[in-house]
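These notes are about the structure you will find just below.
The first residue in the sequence is number 1, and the count goes up from there. Counting convention: from 1, in listed order, for ligands and their atoms alike.
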Amino acid sequence: MQNWKSRPAEFRRLWSYSVGFYGVWVGHIGRRMGLFEKISKNSLSPDQLASATGLDRSAVRAWCSAAKSLGFVKQRGGKLAMTGRMKEILLDPSSPQYLGGQFSYLAGRSLGYGGMDELFKSGKTKDMSSSFDAIEQATDWDHYAFLSAVKSNKHLHSLLSEGCRFLDVGCGTGTLIEKLCSAYPHSKFVGVEPSPVAVGKAARMAAGKPVRILKQSGESMDFDEEFDMVYLGESLYAAADKQKVLANCFNALNKTGTIAVVEGLLSDSGTSMEDQLIMGMQIDFALQGHRFLTKKEIRTLLKDAGFSKIRFQNFGGSLFLVTARK
Ligand SMILES: C[S@@+](CC[C@H](N)C(=O)[O-])C[C@H]1O[C@@H](n2cnc3c(N)ncnc32)[C@H](O)[C@@H]1O
């Protein structure tokens, strides 16, 4: 029998991936079932937590001992509690430290990973239409990072504050537009989205707001200098004809307009701990029939579409904001 310390480093590294798998699920279940929410307000014993949430007692007990062992919660005098830092990381989408949404994205997306067999054997991909719940969990992070970047950019902040026309290409369920609408009530928003499932949800959000949602792809847009800003949030990678989408974005902008692209981008080395998530996520994108772009590819695409002043801002975790002017 080998003890833990005598195990090779490679063994311990791979072991930590198995633990990480359960960490993702314990984090996701705690958020989805409202367990963290309850503990974040009051310290509770496992049985009190089961009563307060109305959930199955045995399942909650198992979750509590896992959550304690994995360091999500602390136990004092038989009661579970969360630190302020842990609440921020798991429950506060507007915090730059927020990771909870990522756990929910990973757990939600992995429900479709049964499709990996077919992908690897016959190249059959699965579109993202059944994953909008998971996508919403992940892109909250992008949206708050974008809002904070806009706030600290004098030009973009005053444009939106004074009231501008904003186009969101591949707007999904409209969750960025919803946030922008309340932050910048003088602006007007158009969301373009090809998925009928997402359009249905976005249209419900848009009711009564200065928002129009159109069911179309970026390739089929036909706007003529109607917008001050165009945004593509993790949608360019998904477009079949990226050059056409960017040419349409260029035409949609007025003469001094700005394009903002938020995308996960592959780095050249891909070996740092920060890179490892996007490197692993490549199998998720392959299942969707897509791949991540590199910085070089996105720069070339924007240049070829006629954009200039291309700037990259690192949001962390391989997520970048790329801005350019018409
Ligand atoms: C990862 S989701 C991001 C959604 C949204 N932008 C956000 O930040 O929450 C990618 C979106 O791009 C949309 N999409 C896929 N192909 C597209 C295309 N050719 N033109 C425009 N949008 C597209 C998908 O339907 C999906 O809603």
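Note on D92 versus K87: no salt bridge recorded, every NZ/NE/NH1/NH2 to OD/OE distance being 4.0 Å or above. By the 4.0 Å N-to-carboxylate-O rule, K201 lies too far from E193 to be salt-bridged with it.
No donor-acceptor distance shorter than 3.5 angstrom exists from the side chain of S131 to the backbone of A134, with no hydrogens or angles considered. With hydrogens and angles ignored, the 3.5 Å screen pairs a side-chain donor or acceptor of D228 with a backbone N or O of R165.
Looking at E219 next to ligand 1, an N or O pair under 3.5 Å apart turns up. For a threshold of 3.5 Å applied to N or O pairs, the pair formed by G233 and ligand 1 contains at least one separation below that value. Of the polar atoms of S195, none of the N or O atoms is found under 3.5 Å from an N or O of ligand 1, judged by distance alone.
Cation-pi geometry between K179 and Y144 is met: under 6.0 angstrom from the ring centre, within 45 degrees of the axis.
Given atom 5 (C) of ligand 1, the protein heavy atom at minimum distance is G170 O, 3.3 Å. Distance from atom 25 (O) of ligand 1 to its nearest protein heavy atom, with residue and atom name: E193 OE2, 2.6 Å. Counting only heavy atoms of the protein, atom 20 (N) of ligand 1 lies nearest to G218 N, 2.8 Å. Here the protein heavy atom with the shortest distance to atom 7 (C) of ligand 1 is H143 NE2, 3.4 Å. Scanning the protein heavy atoms around atom 17 (C) of ligand 1, the nearest turns out to be P194 CG, 3.7 Å. Of all protein heavy atoms, the one closest to atom 10 (C) of ligand 1 is E234 O, 3.1 Å.
Of the heavy atoms in Y231, none comes closer than 4.0 Å to ligand 1.
Ligand 1 is approached by F132 to a heavy-atom distance shorter than 4.0 Å.
Ligand-side atoms of ligand 1 in range of A238: 15 (C), 16 (N), range being under 4.0 angstrom from any heavy atom.
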